[in-house]
Student: 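Okay, here's the structure, questions in a sec.
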Protein chains: 2
Amino acid sequence: MTKARTHVLEAVSSASEPLSARQLCDLFRDDHDQATIYRALHYLEGKGSVESFILHCDCHGTERYYVARAGAHRHWFHCERCHRFTDLGPCRFDDLIGNVSAEKRLAIRSHTFYATGLCGACQNSEVDATH
Amino acid sequence: MTKARTHVLEAVSSASEPLSARQLCDLFRDDHDQATIYRALHYLEGKGSVESFILHCDCHGTERYYVARAGAHRHWFHCERCHRFTDLGPCRFDDLIGNVSAEKRLAIRSHTFYATGLCGACQNSEVDATH
DNA sequence: TTCTATTTGCGAATCGTTCGCAAAAGATAC
DNA sequence: GTATCTTTTGCGAACGATTCGCAAATAGAA
Ligand SMILES: [Mn+2]
Ligand SMILES: [Mn+2]
Ligand SMILES: [Zn+2]
Ligand SMILES: [Zn+2]
């Protein structure tokens, strides 16, 4: 593991929510080039250390977000107002995916799920939260 | 409804699977500019006539795909080899989403789900299918 | 340490998408 | 129908996220 890859994996692993490539580039602006960050993320994803999903929000545009692969595969909720993620817990789609792949004769290798809306805090406040 | 918007809605409505903005631009290359296609899609989505999701595949990159909103909200499977979509049928996530939004106090306004892998035909053949 | 394979930084390119602006098309009022 | 006001369009340029090519730096093996 090179220094860049170690830094990126540590950052993703210690984060409590998914981080975008852009956030990681900002975080390591002084240490690593953005191409290096992107390449480290590809490497780590190929190795199975991190996984990613693409999410669009009006405020931040379309970006890929990364989470460490520790324990069970998880899904996330993204708040449209404060832009924080909420962990929805371990994937509950195994049965559904098993059923549908049998019904339609599909070999499902991966799936993406996420939900968006307002988190608890943002439902209760009219103030604009930080981005 | 202008001519461009009508054309785009007709194309999306008559398609049996999601169409990307790029496919629509190609389809109407002689009639409408790509900016017009994108603007028509935004208009139709705002109006609730179509809905979209973003999907990445190694072959086609990251693109937004559009489907007509007729009847129940649906989800799709995308084959990594032949790049065709399979309709997974009406959304079966209502209970799950209800449970998780209650558990975590989230106001879920929308969700995205799709699966990828190999379709039935591609599991049974080693030949490369058309893109 | 020396040698070789791999990774990095830099800048430019790519791709999907969006913008600004002037011309064209629609809608409304005579 | 014509004048007038509003909306949409086409065009070209810009945009933001991501990727590329290549020479310099680094990591690993011997
Ligand atoms: Mn956001
Ligand atoms: Mn594809
Ligand atoms: Zn929030
Ligand atoms: Zn297939």
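To find a chain, count down the sequence lines: A is the first, B the second, and so on, and within it residues start at 1.
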Student: Would you mind reporting whether Ile108(B) and Phe77(A) have side-chain heavy atoms less than 4.5 Å apart?
Tutor: yes
Student: Name the nucleic acid region contacted by Met1(B), choosing base, sugar-phosphate or nothing; use a 4.0 angstrom heavy-atom cut-off, strictly under.
Tutor: nothing
Student: Please state whether the phosphate of dT8(C), meaning OP1 or OP2, lies under 4.0 angstrom from any side-chain nitrogen or oxygen of Thr2(A).
Tutor: yes
Student: To the side chain of His32(B), which of dG10(D), dT18(D), dT17(C) is closest?
Tutor: dG10(D)
Student: Nearest to the Thr36(B) side chain among dC10(C), dT9(D), dT18(C), which nucleotide is it?
Tutor: dT9(D)
Student: So, OP1 or OP2 of dT18(C): does either fall under 4.0 Å of a side-chain N or O from Arg39(B)?
Tutor: no
Student: Considering only dT19(D), dA17(D), dG12(D), which nucleotide approaches the side chain of Glu63(A) most closely?
Tutor: dA17(D)
Student: How many Å lie between CD on Gln23(B) and C1' on dG16(C), as a whole number?
Tutor: 14 Å
Student: What is the distance, to the nearest angstrom, from the CZ atom on Arg5(B) to the P atom on dT7(D)?
Tutor: 11 Å
Student: Figure out the NE2/P separation between His60(A) and dT18(D), and round it to whole Å.
Tutor: 13 Å
Student: Out of dT18(C), dT8(D), dC10(C), which nucleotide sits closest to the side chain of Tyr38(B)?
Tutor: dT18(C)
Student: Output the single nucleotide from dT8(C), dT9(D), dT17(C) whose closest atom is nearest the side chain of Arg22(B).
Tutor: dT17(C)
Student: Establish, with yes or no, whether the OP1 or OP2 oxygen of dT18(D) is under 4.0 angstrom from a side-chain nitrogen or oxygen of His42(A).
Tutor: no
Student: Do Val67(A) and Phe85(A) belong together in a cluster built from hydrophobic side chains that touch within less than 4.5 Å?
Tutor: yes
Student: Which residue, Arg64(B) or Lys3(A), contacts DNA chain C at a nucleotide closer to its 5' end, judged by nearest heavy atom?
Tutor: Lys3(A)
Student: Could you state the atom-to-atom distance from CD1 of Ile54(B) to C1' of dT18(D) in whole Å?
Tutor: 15 Å
Student: Would you mind reading off the distance between Ile37(B) atom CD1 and dC11(D) atom P, rounded to a whole angstrom?
Tutor: 12 Å
Student: dA17(D) P sits how many Å from Gln34(A) CD, rounded?
Tutor: 10 Å
Student: Round to the nearest Å and state the distance from Asp30(A) atom CG to dG9(C) atom P.
Tutor: 12 Å
Student: Without decimals, in angstroms, what is the distance between Tyr43(A) OH and dT8(C) C1'?
Tutor: 15 Å
Student: Of the candidate nucleotides dG9(C), dT17(C), dT18(D), which contains the atom at the shortest distance from the side chain of Ala21(B)?
Tutor: dT17(C)
Student: Checking all strands, does His56(B) fall into the base, sugar-phosphate, or nothing category for heavy-atom contacts under 4.0 angstrom?
Tutor: nothing
Student: Using the benzene-type ring in the case of Trp, are the ring centres of Tyr114(B) and Phe113(A) under 6.0 Å apart?
Tutor: no
Student: Could you verify whether a donor N or O on one side chain and an acceptor N or O on the other, from His75(B) and His111(B), lie under 3.5 Å apart?
Tutor: yes
Student: Side-chain contact test, heavy atoms from C-beta onward, threshold under 4.5 Å: evaluate it for Ser20(A) versus Arg64(A) and give yes or no.
Tutor: no
